[in-house]
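Below is one structure; the comments refer to it alone.
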Amino acid sequence: MESDVSDLPEGVSTSSEVSLDELQLSQRNHGMHLEGLRYDVTPAGMHYLLIHFDVPETDETDWLLSVGGLVRKPLELSMAGLRSRPSLTMPVTMECAGNGRARLSPRPISQPWITEAIGTADWTGTPLRPILEEAGIEDDAVELVFRGADHGIQGGVEQDYERSLSLENAMRDEVILAYAMNGEPLPPQHGSPLRLVVPGWYGMTSVKWLTAIEAVPEPFRGFQMEAYRARQEPDEEGEPVTRMAPRALLVPPGFPEFLTRSRIVDVGRHMLMGRAWSGWGPIERVDVSSDGGATWAEAAVGEAVSPYAWVPWTFWWDAAEPGAFELCCRATDAAGNSQPLEQPWNLHGFSNNMVQRVPVEVRSPADP
Ligand SMILES: Nc1nc2c(c(=O)[nH]1)N[C@H]1C(S)=C(S)[C@@H](COP(=O)(O)O)O[C@H]1N2
Ligand SMILES: [Mo]
């Protein structure tokens, strides 16, 4: 869907070419290489990154997490203390809410993701709920605000990175304070020494470099809460961005052309593989198209390595004739949510889960 370009709001561009500012953002915040979809758990260096400001200088030896605000017993927790508490390790698929933004028209000017703002890491941490119970949340608290150690200016507002969760969402069993990723201490860029991990939600919720948790009596209206809302107009209230919309991605088959990354495969049968996930429930089916979404056939869906991780899927593609094809894949979750063929537009480019399109040239083996 195209928005009306006659009165273009600030912060969007009608050019399909990204600016140097966006290039700079996309170098600091790299995506996952799509061939990395072959791994159940993404190698840490391949996992996407989104860092709003700078990676802060942190030291695990004197790190203290404070739990305060409307609590009966404020806590100061050291990393040694957090590590000695019960631990939980689980693979969690995380996706940036801005994934898919770069193809929108007009394009919201921000980190220009195409489809690669994803990854699945094996996070280890301690469940949040027992800590909240120990602190004793007062009855008049409605939300928890999670504060990161990073600081900067966004939208003209100087801020620490802060996001909130309702008590109900924060108390869920799968919400952890993570100190390890893929069996190693968190790397600096992923939140060392401590981060929140909220499975099923878009990544902005999983606050990195976590220094404070504060119980508050009103819904928190900080910058990062107001920013992550889907709106058509700047002055609209909009809908909060929460859980991940379903998405399937495929490992691009064959080999790529360097600049365009378009694919070349030989005539024959090819096993396509990919992953699919949704924050709204298990993946029920994945469909594949080789004609740009005109016709679809069902893929074989495998087992996820955890309830919060993507599922693998495979599909035998019979590329019988040479020519130009467009591969697409589409996930449907148990709640009945699926992926559109046309991209949903909003002012900041959130939750664009339009189906992936991979142009492929099928050549006969005799072609040079
Ligand atoms: N403190 C802090 N936490 C943060 C961010 C940030 O900039 N600062 N970025 C958020 C966003 S938008 C995303 S998508 C995820 C990315 O996590 P990753 O970089 O470990 O993949 O972290 C979230 N947590
Ligand atoms: Mo993000």
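The basis for the numbers below is simple: all heavy atoms, side chains too, and nothing from hydrogens, waters or symmetry mates. A quick note: this is a predicted structure, and the numbers were derived from the prediction, not measured. Order of listing sets the numbers, starting from 1, for every ligand and every atom in it.
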Residues 265-274 side chain polar contacts: donor-acceptor under 3.5 Å, at least two apart:
from   : atom 1 : to     : atom 2 : distance (Å)
Asp266 : OD1    : Arg363 : NE     : 2.9
His270 : NE2    : Asp266 : O      : 2.6

Can you give each donor-acceptor pair under 3.5 Å made by side-chain atoms of residues 314-327, sequence neighbours left out, with the distance rounded to 0.1 Å?
from   : atom 1 : to     : atom 2 : distance (Å)
Glu326 : OE1    : Arg357 : NH1    : 2.9

Only pairs under 3.5 Å count here: list side-chain donor-acceptor contacts from residues 141-153, not counting sequence neighbours, and write none if there are none.
from   : atom 1 : to     : atom 2 : distance (Å)
Glu143 : OE1    : Ser164 : OG     : 2.7
Glu143 : OE1    : Phe220 : N      : 2.8
Arg147 : NE     : Glu162 : OE2    : 3.0
His151 : ND1    : Gln159 : O      : 3.3
His151 : ND1    : Asp160 : OD1    : 2.6
His151 : NE2    : Glu158 : OE2    : 2.7

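Between Arg107 and Glu22 there is a salt bridge, since a side-chain N of the basic residue sits under 4.0 Å from a carboxylate O of the acidic one. At a threshold of 4.0 Å, the pair Arg83-Glu60 counts as salt-bridged, since one of the basic side-chain nitrogens sits closer than that to a carboxylate oxygen.
If you look at ligand 1, the protein residues with a non-hydrogen atom under 4.0 Å away are His47, Tyr48, Leu49, Leu50, Ile51, His52, Met94, Cys96, Gly148, Asp150, Tyr161, His190, Arg195, Gly203, Met204, Ser206, Val207, Lys208, Trp209, Tyr228.
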Checklist line | Residue pair Ser206, Met94: steps toward the side chain to side chain contact (heavy atoms under 4.5 Å, CB included) verdict | finding: CA-CA 9 Å; Ser206 293; Met94 196 183 286; 3.8 Å; yes
